[in-house]
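The structure appears right after this line, and notes come after that.
Owing to the predicted nature of the structure, the values given are computational and were not obtained by experimental measurement. Position 1 is the first residue of the sequence; numbering continues from there.
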Amino acid sequence: MPMYKVRPVHGGPGVVRAEQLPTCMYRLHNLHRGPGAAAPPPQEEVEPSLLALESRQEEILKRLYELKAAVDGLSKMIQTPDADFDVTNIIQADENVPLTANTADLDSMLGKDYGALKDIVINVNPSLPPLSLLVLHDLLCERYKILSAVHTHSSVKCVPENLLKCFGEQAKKQSRHEYQLGFTLIWKDVPKPQMKFSIQTMCPIEGEGNIARFLFSLFGQKHNAVTSTLIDSWIDTAIFQLKEGSNKEKAAVLRSMNTTLGKTPWLVGNELTVADIVAWCALQQTSSSNAVPSNVQKWMKSCENLAPFNSALKLLK
């Protein structure tokens, strides 16, 4: 029994006929034309500001797509092992300035203070003597007239004799104002080395690597971004992996150093940098210095041929 009936829509007078199958099932009369038909709705006028905003949005989207394509291309180039991008070429093209070529403007770096000696004060723990800072002190003495001093803080009961005389004796006593820079080392019970050159206006710079970076900047050497990044990377590697890491990490660092030193005489390019100083000192303070690859041994001898490194070796005896 049928549920309901539907009259046929095709067939008979006045009904809609099915035509143009299958694109059109059947036709209907045009409701917008004819004598009783409603007029088409008027088109709304678009404000010029909306058109300008739409055009600006399309332009921004176009630029974003172009930037995305450029970034994707760079990421593929860097991630590809055989990409045509050799960092060593950039390092070699960098202007390698020897340490004895330039002198930094101490007034611009440390601030100009009339009538007062710029004095760098470093607090260090005698149980962990920072060899890199002592090497840098000797190198700075070759460049500037430095008034050096060593003191012992009350928090430390006993300091070995060689540490108390780590700067040696002043060759010639002069009045304080005739020196260019003061370098004061205080043996103190601190967890890590701390440095200040303006006691009243600055927070301390902490960590042997950070202090070494600052002291080396006083030589006035200039490097491009790639070289500076590699120097910072080697310093962090020497401090956190070679000096404080596990045996596995130390072995990996030595392999990496051996590969690098097979291409260049120093860790970063053809000139001595602070990366070499920190890495050499880290090797001397660990057992890793007893068994190192051939290229690293050759590099260590090159370091030890410089007088400041020999002075630091005396502290280990």
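With hydrophobic clusters built from ILVMFWY side chains whose heavy atoms lie under 4.5 angstrom apart, Val190 does not share a cluster with Leu164. Hydrophobic clustering (ILVMFWY, side-chain heavy atoms < 4.5 Å, transitive): Leu136 and Leu128 are in distinct clusters.
Under the side-chain hydrogen bond (donor to acceptor under 3.5 Å, both in side chains) criterion, Ser246 pairs with no residue, sequence neighbours left out. For Leu67, the side chain to side chain contact (heavy atoms under 4.5 Å, CB included) test picks out no residue, with sequence neighbours left out. A search for salt bridge (charged side-chain N to carboxylate O under 4.0 Å, His left out) contacts involving Asp236 returns Arg213, not counting sequence neighbours. In this view, Trp187 satisfies the side-chain hydrogen bond (donor to acceptor under 3.5 Å, both in side chains) rule with no residue, not counting sequence neighbours. Annotation: side chain to side chain contact (heavy atoms under 4.5 Å, CB included) contacts of Gln57 (sequence neighbours excluded): Leu61. With sequence neighbours excluded, the residues forming a side chain to side chain contact (heavy atoms under 4.5 Å, CB included) with Ala238 are Val278, Ala279, Ala282, listed by chain and number. Contacts of Leu140 classified as side chain to side chain contact (heavy atoms under 4.5 Å, CB included), with partners at least two apart in sequence or in another chain: Tyr144, Ile146, Phe183, Leu215, Leu218, Phe219. For Lys188, there are no salt bridge (charged side-chain N to carboxylate O under 4.0 Å, His left out) partners at least two apart in sequence or on another chain. With sequence neighbours excluded, the residues that form a side-chain hydrogen bond (donor to acceptor under 3.5 Å, both in side chains) with His153 are Ser155. For Thr273, the side-chain hydrogen bond (donor to acceptor under 3.5 Å, both in side chains) partners are Asp276, not counting sequence neighbours.
Closest of all the heavy-atom pairs between Gly269 and Thr264 is O-CB, 3.5 Å. Of all heavy-atom pairs spanning Val274 and Ala212, the tightest one is CG2-O, 3.6 Å. The two residues Gln285 and Pro129 have their closest heavy-atom pair at NE2-O, 2.7 Å. Shown here for Pro265 and Leu261, the closest heavy-atom pair between the two residues is O-CD2, 3.8 Å. When every heavy atom of Trp280 is checked against every heavy atom of Met300, the shortest pair comes out as NE1-O, 3.9 Å.
Side-chain contact check for Leu283 versus Val296: some heavy-atom pair is nearer than 4.5 Å.
Ser302 and Asn305 share no side-chain donor-acceptor pair at under 3.5 Å. Checking His151 against Thr184 by side-chain atom types alone, no donor-acceptor pair falls below 3.5 Å.
The list of salt bridge (charged side-chain N to carboxylate O under 4.0 Å, His left out) pairs with a residue in residues 54-66, not counting sequence neighbours, is empty.
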